[in-house]
There are 2 protein chains.
Amino acid sequence: MKKQPAKITSHEVAAEAGVSRSAVSRTFTPGASVAPRTREKILAAANKLGYRPNALARSLIVRRTQLIGLVMAEWENPFYTRMLRLFSERLQDEGYQLVLLTSNTEADADKAVRRLMQYQVDGVIVVSARPSAAAAKECAANGTPLVLVNRQTAGRRTSSVTCDNRRIGEDIVALLAGAGYRRFALLRGDPTAITGADRTDAIRAAVAKIRGARIVADLINTFGYDEGRRAIRDLWQQPERPDAIICSSDLTGLGVLDGARTDLRIDVPDELGVVGLGDIPQSGWTAYQLTTVHLPIDEMIDLAVKDVLARIADPDRSPRPMVANARIVGRASTR
Amino acid sequence: MKKQPAKITSHEVAAEAGVSRSAVSRTFTPGASVAPRTREKILAAANKLGYRPNALARSLIVRRTQLIGLVMAEWENPFYTRMLRLFSERLQDEGYQLVLLTSNTEADADKAVRRLMQYQVDGVIVVSARPSAAAAKECAANGTPLVLVNRQTAGRRTSSVTCDNRRIGEDIVALLAGAGYRRFALLRGDPTAITGADRTDAIRAAVAKIRGARIVADLINTFGYDEGRRAIRDLWQQPERPDAIICSSDLTGLGVLDGARTDLRIDVPDELGVVGLGDIPQSGWTAYQLTTVHLPIDEMIDLAVKDVLARIADPDRSPRPMVANARIVGRASTR
DNA sequence: ATGAAAGCGCTAACAA
DNA sequence: TTGTTAGCGCTTTCAT
């Protein structure tokens, strides 16, 4: 009984089949020229020995790993886990594997990107985190395409996929104002995220244009369900209560809804309108029916994947910002 | 302007620092002996050139990749995405990276495992999918530890982490029977999953022991929210309506709850009791308050990770089945 | 403490 | 079509 089962290499297979290692290599390289008879001999030998080519050794010479690094943040948000799933499935279909790294703090993103580079990933996708300009530069220096999803950098060596955030902001205000709401409260997440800032700016501008409308509260760092639920309590204590709440995530919106309906017995949507962002499945559930912005997740995935793959295939192709189109889904949480 | 920026290798660094490549290697190998002065020269050169050791080339010779393969199924279930997150964070802390593969059909699991082997992962974790005995054997042959989470195999060359499913079943019935429920309906997922089968057996046995109690329905392949919601409608048409529903996932339970309360205006918990499985965050939300079984996710992660790492460190260590302890969380969906 | 040489498992020119 | 040779970037004896 062998303790350390020797790994089978092309060498062993070659010996077994009575050919050279190159022949073995060719047999496992699609489109290489091998005589049918030898190929069969080799396949038989390989099968008998249980041979599997070493993808890492291979990558050393072909200079391609079929590995894509993905840096993930905001695991709490189902929108992003769904994204992860779709990226994984899509890239798998395209013949790539994902190397997954989690970056909880923004500083981690850099470390994650650097680690990925050491593993010679063919490309890097960063979801909802922002690596430093230095890290981006390093990718560029290595010729590794980098694409940011739902985040942008100042640097121009990085591709990014975002939504048309300004328009989202405008659409939300239009919907709410049209339904007669006037006193808006903003529940925002990370105030430094460009994508959120654009939306907020647009909202402010749009509100300013409507007579009688104003923003009565603007809370930042309000991320999840619990925060939303707490926020509505606080807002309801204010001298001037809002009659519409704009959240930067569905999760927050659901928290607000529970806080409003259950804790405070507020009449939604008549006394208070709520809109979320993301259109996660729960928002459509009967218990919630949250009006929200459906983010074009499929389109975003598609743009991101096509961009990395294209830049892998053609290193001279330059990175660029891309924007996908969102649309509002009206439900029972607004009039 | 360089088109194809040459990758910096230890060779370049050695030249720049005026030393040999071995010296460079030693500098980047913790615990190797290098004179402080040379080390500094080398670090300076490396820094200047932006050198990063190639982890793949390294792995070829040290025969360790610091890569762990993870095969993921059931992405719809937040319980499992949470697991993925915890695995990712934990293993990252331990100095490993995850190679993530998705397997939607059971047959895919095999392909996934084989792909991972080609990437020379140090270990494989399969979450809620069941690779074939052949695939498991292949891992064993390569000396790659394999651990199944929430699933088991007949073969004994594989570790597994599950819950004490029989006890869960007994506890659920005890709770419901104690609250006076008698007509049970079972909403199950994959009927071939051993873990679910054990629980179901225990439930049946426990119900049989209670006078007047019986199982009035047993539906299989009922997985998600929508299925749960549809199921309760169907059940309510039956001649004998259940007064308690036991679901094999929280998501199903939430669907049942919405179907019952909203669609059918059933009085929960008096007319109908509902219990889920998993204790996902939503189950605790005010709108739902689903009584459920809290699965010991942290303990499961811990067992799985410790097992892989231990078997990586000591290839002679034999695989084994492990079981973690669940506990029931009583909420408003049962009396 | 350091360098020379060998080799991990593979592919790619090049000849034959 | 096939084998020989060289080498991807790294680590590791083995001398020095």
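Given the structure is predicted, the values throughout are model-derived calculations rather than measurements.
- Rounded to whole Å, the distance from CD on A/Q120 to P on D/dG9 is 9 Å.
- One can place CZ of A/R39 at 14 Å from C1' of D/dT2, the figure rounded to the nearest angstrom.
- Within residues 54-68 of chain B, the residues that place at least one heavy atom under 4.0 Å from DNA chain C are, in residue-number order, B/L60, B/I61, B/R63.
- Among the nucleotides D/dG3, C/dT2, D/dT2, the one closest to the side chain of A/S33 is D/dT2.
- Distances were taken from every side-chain heavy atom of A/S25 (C-beta onward) to each of C/dT11, C/dA1, C/dG3; the shortest belongs to C/dT11.
- Looking at B/D108 and B/L101, their side chains never come closer than 4.5 Å, going by heavy atoms from C-beta outward.
- Atom pair B/H11:NE2 and D/dT11:P shows a separation of 15 Å (rounding to whole Å applied).
- Side-chain contact between B/M300 and B/M322 is absent, with no heavy-atom pair separated by less than 4.5 Å.
- In the set D/dT2, D/dT11, C/dT2, D/dT11 carries the atom at the smallest distance from any side-chain atom of B/T29.
- In this structure, A/E76 pairs ionically with B/R85, as a charged nitrogen and a carboxylate oxygen lie closer than 4.0 Å.
- The pair B/K48-B/E12 does not count as a salt bridge, with every side-chain nitrogen at least 4.0 angstrom from each carboxylate oxygen.
- Remark on DNA chain D: of its neighbouring residues B/R26 and B/R52, the 5'-side contact belongs to B/R52, judged by nearest-heavy-atom nucleotide.
- Among residue pairs with one or both ends in residues 56-78 of chain B, none qualify as ring pair (Phe, Tyr, Trp, His ring centres under 6.0 Å); sequence neighbours excluded.
- In this structure, the NZ atom of B/K41 is 15 Å from the P atom of C/dA1, given to the nearest Å.
- The closest side-chain heavy-atom distance from B/L91 to B/I125 is below 4.5 Å.
- A donor and an acceptor atom never sit less than 3.5 Å apart when one is taken from the side chain of B/S22 and the other from the base of D/dT11.
- Spacing between atom NZ of A/K7 and atom P of C/dC8 amounts to 14 Å, rounded to whole angstrom units.
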